[in-house]
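The block underneath contains the structure these notes are about, expressed in structure tokens.
Order of the sequence lines fixes the chain letters, A, B, ..., with proteins taken first and strands second; residue numbering starts at 1 for each chain. Please read all numbers here as calculations on a predicted model, not as lab measurements.
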Amino acid sequence: MALKMVKGSIDRMFDKNLQDLVRGIRNHKEDEAKYISQCIDEIKQELKQDNIAVKANAVCKLTYLQMLGYDISWAAFNIIEVMSASKFTFKRIGYLAASQCFHEGTDVIMLTTNQIRKDLSSPSQYDTGVALTGLSCFVTPDLARDLANDIMTLMSHTKPYIRKKAVLIMYKVFLKYPESLRPAFPRLKEKLEDPDPGVQSAAVNVICELARRNPKNYLSLAPLFFKLMTSSTNNWVLIKIIKLFGALTPLEPRLGKKLIEPLTNLIHSTSAMSLLYECVNTVIAVLISLSSGMPNHSASIQLCVQKLRILIEDSDQNLKYLGLLAMSKILRTHPKSVQAHKDLVLQCLDDKDESIRLRALDLLYGMVSKKNLVEIVKKLMSHVDKAEGTTYRDELLTKIIDICSQCNYQHITNFQWYISVLVELTRLEGTRHGHLIAAQMLDVAIRVKAIRKFAVSQMSALLDRAHLVASSTQRNGICEVLYAAAWICGEFSEHLQEPQQTLEAMLRPKVTTLPGHIQAVYVQNVVKLYAAILQQKEQAAEPEAAQDVTQLMVERLPQFVQSADLEVQERASCILQLVKHIQKLQAKDVPVAEEVSALFAGELNPVAPKAQKKVPVPEGLDLDAWINEPPSDSESEDEKPKAIFHEEEQRHVKQRQPEADEEELARRREARKQEQANNPFYIKSSPSPQKRYQDLPGVEHIPVVQIDLSVPLKVPGMPASDQYVKLEEERRQRQRLEKDRKKKKKKDKERKGRARRRGSLLSESDEDVAPAQQVDIVTEEMPENALPSDEDDKDPNDPYRALDIDLDRPLADSEKLPVQKHRNADTSKSPEKEHVPVTEKKPKKPKKKEKKLREK
Amino acid sequence: MIKFFLMVNKQGQTRLSKYYEHVEINKRTLLETEVIKSCLSRSNEQCSFIEFKDFKLIYRQYAALFIVVGVNDTENEMAIYEFIHNFVEVLDEYFSRVSELDIMFNLDKVHIILDEMVLNGCIVETNRARILAPLLILDKMSE
């Protein structure tokens, strides 16, 4: 026995502590993984020992290993053991490990509740402190509920060290257990006036965080914060309070007016850059919320812009960045004040730092006008050439296109120039935004009639270029431009100088290496070109040339028929048949050109993206009316005598027309929602479709039986509701029905543009531009109870939403925090709000406690 | 709110990591490598704020060690920047001329200091004396 003890202690001498572990890892650089797995085995051995010091050492090493990326959740139970050590150093190690590795999913957390409670009420403030610190990392809703009362009491502890920590952790508790907010709030308010500055700033922190999410509940505290702001000198606290005011001012304009003066004073007086930045930010927020027009407000804006200019001109990159960031906020509402500093922004564009350039790019957006657009874009293009990294280049590309196309191309005076810019951009390799350029080309070519000739000539030149085809392997690469080029050439083939040449370019064998969706467009447009050429040749009375062209098609189309892409195959084979048929007809000298070109008659117009949604329901169609007669109430009484048919009819009735009782429906809906929320396997869809679904008057109105809706939803005069999906998705989900497109129908293609591309194109002073087609937007009819779109984004599980509680109402009796009582004490003890010492132990705990008592 | 606090050296080895929001363990290493990559690619003249995915990174370089703090967009970047320096000053005072080795061998103590300064993602204490007080008492107790 004694020998065992000696052996044990000798073993212990060779245990590694943390420092040895680190040294060992450093020395084993080559076989680090092997060494670490060896160490983990040793740690597992150590954890089996009874000695708490050994266990603590092992857990300490585990913490380090966890930081390196090794999972230590298997040791969770041992960590809890260490947490329950009585010596502070060991306890601390346990809590540290717990805070690093426990999370809500750890099931052993419930074993810690009692331990934490004991530590919270411990006489030593450091025990309490360490428990509070560790708790903040792994508090779960259960823990929060059980410990809320204890923590609340700690907020009035004698030691400020504890008070501070308790206040801060209440925030986490509020998040996990929102019902605790109302009972705890009065105490939290008291802490704002605590004599100790640390506690005060902690309380400010917590309330600021809470108020930022749900500002309207905290407006009553505004005067208190105002006093704090004017009296405090601690910069960190000031920053928090000012940020809070920034969140409150949109709701209370009078507050904003009062704030401007102290804020401007602060701006003038402070030397701390961070505080200055925060003040400027808040002033901007205040001024945005206040209605403009008052003269002294423009003075404040000028002051802000001035200060920001100083920031931007500073040599410190950080300050530059912050200045630009704040400027872009002003830009949104007061673009004129910012425009005066255009030169500075252009200068920042040349900066070496990428983040600063990105910020400056953002600012540029609001600073372009007709006159300087060309030179700004020229500058940006030179940057594009210089830019090395692809993300920055991509960013530049998107920005150039954004700037040029904003407000319906308001600033472009010369579209020829714009098309040439786009063509130059195609020379970029390795970009992810090929589709953007393609979309722009299509958009401009379609909407600006006068430029079509020029566009078509450029596009046919593009088609000839070999290098674009070479980069065909990339998705969304620059080869997307070929998509646009092919389409434009096909659609506006009347402007082509050399259609034959273009046709041959499109039929080259190398084309088969392009992505499928592009090839599909090629095939389609080849036919359009073919039709145009046929027309030409027949009119010029050159039947042999016409037959030559047909022969060319017959030879080259089979390469598409063999393509792996389904769409391409289908189109190519259909067209091949058509061409062969034409060949036969041509052999009989029948003029076919007229009929072939009739296939593609009609013009495609752009349609606004929201037009589909805005199709009004035609007169006389009531979507909510019963399609079949609802059952009359007398039927249910008649069911009784016919007992045999009772069930069938019931079922039948239930299937087709449920009771149109609103309460019943609402109840069922609630029950369904509840069930869905509780069901872990129910896949919740994204909020917006869900919301819209729930807004329709109830699921029950959707009949299970198939309806034969004989009322067509077509409105004469509006574009037919073949809804085309966005351009990018369109390539992937093309209409499979070849025949529909061949039939003579007035088709409309929907452009996924930005919402502003509605209405006619404004004609500029330049002679090239002609007004585009008028797009009629009918006034919207939204479904009943439709919510505005921004509410759809809120996640129903957002914890901050749960904290949207009215704090001004007095506390009801039901809202006291739950206090754990001793199970046998319900007769003798009355429930108190004070901390009740719990002597009852959970079943698992006694074993550990006894073990510990034994070893001591 | 601070999402995480990292100390990574130039070779990409993490010396300290503290997450204030739960992140899976395998995602952590991935995140750390990406973060250090973006920090290493910056030069001295560039600003210390990087926009990274949906949060911001604020970093400072001290010799071979990068201290990176990830925040969401509600925080004042400049304040966090100053906070990082504050933290290093506290470490300096405690370890007297702190070096990377000090941090490695006394990881638990560094965690204690960090916990005193940041709780639940918020900066709670910036006064050096108050931060080090509990730690000094602890040291005295263990002697």
Is [X] in contact with chain B via its backbone, its side chain, both, or neither, using a 4.5 Å heavy-atom distance?
{"X": "A/Leu325", "value": "side chain"}
{"X": "A/Thr133", "value": "both"}
{"X": "A/Leu168", "value": "both"}
{"X": "A/Lys320", "value": "neither"}
{"X": "A/Lys87", "value": "neither"}
{"X": "A/Gln66", "value": "both"}
{"X": "A/Asn318", "value": "both"}

Measure the shortest side-chain to side-chain distance between [X] and [Y] over non-hydrogen atoms and say whether it is less than 4.5 angstrom.
{"X": "A/Gln100", "Y": "B/His111", "result": "yes"}
{"X": "A/Met67", "Y": "B/Gln13", "result": "no"}
{"X": "B/Lys18", "Y": "A/Ser99", "result": "yes"}
{"X": "A/Leu319", "Y": "B/Met78", "result": "yes"}
{"X": "B/Thr14", "Y": "A/Leu68", "result": "no"}

Show your reasoning for whether side chain to side chain contact (heavy atoms under 4.5 Å, CB included) applies to B/Leu101 and A/Arg26.
-> CA-CA 11 Å; B/Leu101 282 177; A/Arg26 276 164 69 86; 3.6 Å; yes
Between B/Ile137, B/Ile123, B/Ile112, which shows the greatest number of heavy-atom pairs under 4.5 Å with chain A?
-> B/Ile112
Count the heavy-atom pairs under 4.5 Å between each of B/Leu107, B/Ile58, B/Thr29, B/Ile80 and chain A, then report the option with the highest count.
-> B/Leu107
Residues B/Ala79 and A/Ser274: closest non-hydrogen pair is N-CB, 3.6 Å
About how many Å separate [atom2] of [Y] and [atom1] of [X], when rounded to the nearest 0.5 Å?
{"X": "B/Phe105", "Y": "A/Arg23", "atom1": "CZ", "atom2": "CZ", "answer": "4.5 Å"}
{"X": "A/Cys137", "Y": "B/Leu119", "atom1": "SG", "atom2": "CG", "answer": "7.5 Å"}
{"X": "A/Tyr171", "Y": "B/Cys122", "atom1": "OH", "atom2": "SG", "answer": "7.0 Å"}
{"X": "A/Tyr64", "Y": "B/Leu16", "atom1": "OH", "atom2": "CG", "answer": "10.5 Å"}

A/Trp236 and B/Phe83 aromatic ring geometry - parallel, tilted or perpendicular at 30°/60° bounds = perpendicular
Examine B/Arg130 relative to A/Tyr161 and say whether NZ or CZ is less than 6.0 Å from the centre of the six-membered ring and inside a 45° cone about the ring axis.
-> no
In terms of heavy-atom proximity below 4.5 Å to chain A, should B/Phe49 be classed as side chain, backbone, both, or neither?
-> both
Stepwise side chain to side chain contact (heavy atoms under 4.5 Å, CB included) test for A/Gln19 and B/Met104 = CA-CA 8 Å; A/Gln19 307 208 335; B/Met104 278 166 60; over 6 Å; no
Does a donor on one side chain sit under 3.5 Å from an acceptor on the other, for B/Asn76 and A/Tyr277?
-> no
Salt bridge or not for A/Lys164 and B/Glu116, using N-O below 4.0 Å?
-> no
Ionic contact status for A/Arg92 with B/Asp115, cut-off 4.0 Å | yes
